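In what follows, a structure is listed as structure tokens, so that the remarks can point back to it.
In each ligand, atom 1 is the first atom listed, and ligand 1 is the first ligand listed. All values derive from a computational prediction rather than experimental measurement.
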Amino acid sequence: MYWDKKAETLSRSSLEKLQIKKLKQTLKRSLRSTFYRKLLKEAGVSFDSIKDVSDIREIPFTTKQDLRNTYPYGMLCVPKEKTIRLHASSGTTGTSTVIFHTPGDIDNWTELLARCIFATGCDSHDVFQNMMTYGMFTGGLGLHYGAEKVGMLVIPASSGNTKRQIKFMRDFGTTVLHITPSYLLHISDVLSKEEKIDPRELNLKAAYIGAEPHSETTRKKLEAIYGFHAYNSYGLSEMNGPGVAFECTFQKDMHIWEDHYIVEVIDPETGKNLPDGQEGELVLTTLSREAMPILRYRTRDLTRICKGNCPCGRTHRRIARIKGRTDDLLIVGGVNVFPSQVEHIIMKIAEVGTNYEIHLQKKGALDHMTVKVELNSKMFSGDIGFLNSIREKIAHALKDEILIRPTVELVAPGTLEPSMGKARRVYDNRKKL
Ligand code: AMP
Ligand code: ZN
């Protein structure tokens, strides 16, 4: 099911021609900001030199720091009276990065989300409960507009107040959720333990999960708990928010809308472009943004461009599930570990519940990792022998994957701080010592 069949199935050559045309328009537009005027002049980039999409490599990268340095209006390319909305990134430290939108920007963003929703087989027959936070964060309003566009009945629930959320799901017969995977896991606990409701008895058929990294095993776990399809949704405020890349019904990697973004993957150390299939840092360029075009934005997200066509017929390439961020990488005793690797392993273990935390501390001169894991309420038992065997099973499986053997602390279901938005998984106490 396509929302915009022509755009979604354009031949690769037409798509590339369109990208070049839109890239030139974007460059022209970007010159209206003091920031890009200086950057492009210094780099000696001229429109005539852009003949091929790969010529984009002549353009220097834009970083989050650039957005901070030009805060608030230094990258704006239209007069302020032409903008109608701003959003900010969810980061809690430092100056926030702010993105401005014209009415045209909001329309384009909405179109992309309509494509994503149709790609998951959902439409105006669905009742859509949007449990991402509304406000400066893009998760709430972004999907909201797309869902209305396709004619869904939208419940703008925002995040939090779990019991009320469950009441909405039951009263209105919600069929589709938009939510962070960590909050969705938490809700399953509340459903079964406090409300005594089997999540499978709800009317849910799909969930759009995103805004934070999660593993394939977490997705499978969620699908088994709720009996629905969970679709991975990727986006970032600098590129609008949700709607940048989304899974289709084949649930095999995320289509990235290449008529609106140029996608590159680079080696984060050298900045050199990597071939399709190789993992590195995702770099994105807006092709439609009017108020604030962004060229070659270093997302810090680690992924790869997937090879091969998708059976759904969409010609836009796909990116793999995000492994983590370059700045999420933990170096523990010299070994590189991504939190997503830990999650991937522990969520496979049936006795594990829905929440976990990674704590790092120094023991003398050495780094030490403790993984706190909530037990599954259905299998919870106070039997010491049982607990020791689970602890051993988890530690062993982790050692196999990440090459270090953490201390595993088992805790009762509901002990760890639940997350209603983006979950905090890592507590690094090493620097404080
Ligand atoms: P924000 O700009 O606040 O919306 O945050 C965007 C960041 O959230 C991205 O750069 C990613 O690091 C993360 N993110 C968003 N969606 C996903 C996803 N589906 N999987 C993994 N990380 C995600
Ligand atoms: Zn597909």
(request) For F137, take its heavy atoms, then give the atoms of ligand 1 lying under 4.0 Å from any of them. (result) 4 (O)
(request) May I ask you to check whether over 12 heavy atoms, not counting those of R170, lie within 6.0 Å of atom CZ? (result) no
(message) If the cut-off is 4.0 Å to any non-hydrogen atom of G235, which atoms of ligand 1 fall inside it?
(response) 6 (C), 9 (C), 15 (C), 16 (N)
(request) Give yes or no for whether the N/O distance cutoff of 3.5 Å, strictly under, is met between H214 and ligand 1. (result) no
(request) Anything under 30° is parallel, anything over 60° is perpendicular, the rest tilted; go ahead and classify W257 against H316. (result) perpendicular
(request) Select one of side chain, backbone, both or neither to describe which atoms of K422 lie under 4.0 Å from any atom of ligand 1, heavy atoms only. (result) side chain
(message) Check the orientation of H229 and Y231. Use parallel for under 30°, tilted for 30 to 60°, and perpendicular for over 60°.
(response) tilted
(message) Going by the closest heavy atom to atom 12 (O) of ligand 1, which one wins out of D301, L284, I322?
(response) D301
(request) Identify whether the distance between the nearest side-chain nitrogen and carboxylate oxygen of R219 and E216 falls below 4.0 Å. (result) yes
(message) Show the atoms of ligand 1 that are less than 4.0 angstrom away from any heavy atom in R325.
(response) 10 (O), 12 (O)
(request) Check if A211 has a non-hydrogen atom at a distance under 4.0 Å from any atom of ligand 1. (result) yes
(request) Determine, using ring centers only, whether Y134 and H144 are less than 6.0 Å apart. (result) yes
(request) Give, rounded to 10 degrees, the angle between NE2 (H255) and SG (C310) as seen from the Zn ion (ligand 2). (result) 110°
(request) Identify whether the distance between the nearest side-chain nitrogen and carboxylate oxygen of K307 and D276 falls below 4.0 Å. (result) no
(message) Please determine whether a side-chain nitrogen of the Lys or Arg among D267 and K272 lies less than 4.0 Å from a carboxylate oxygen of the Asp or Glu.
(response) no
(request) Could you check E281 against R298 for salt bridge (charged side-chain N to carboxylate O under 4.0 Å, His left out), going step by step and ending with a plain yes or no? (result) CA-CA 7 Å; E281 179 179 343; R298 290 192 62 158; 2.7 Å; yes
(message) Walk me through whether T133 and S159 qualify under side-chain hydrogen bond (donor to acceptor under 3.5 Å, both in side chains).
(response) CA-CA 5 Å; T133 312; S159 60; 3.0 Å; yes
(request) Please work out whether any backbone atom (N, CA, C, O) or any side-chain heavy atom from C-beta onward of P242 is under 4.0 Å from ligand 1, and answer side chain, backbone, both or neither. (result) neither
(message) Within ligand 1, which atoms have a heavy atom of G210 less than 4.0 Å away?
(response) 19 (N)
(message) I need the atoms of ligand 1 closer than 4.0 Å to a non-hydrogen atom of N232, numbered in the order shown.
(response) 18 (C), 19 (N)
(request) Heavy-atom contacts with S237 under 4.0 Å: which atoms of ligand 1 show up? List them by number with element. (result) 1 (P), 2 (O), 4 (O)
(message) Against ligand 1, does E238 come closer than 4.0 Å with any heavy atom?
(response) yes
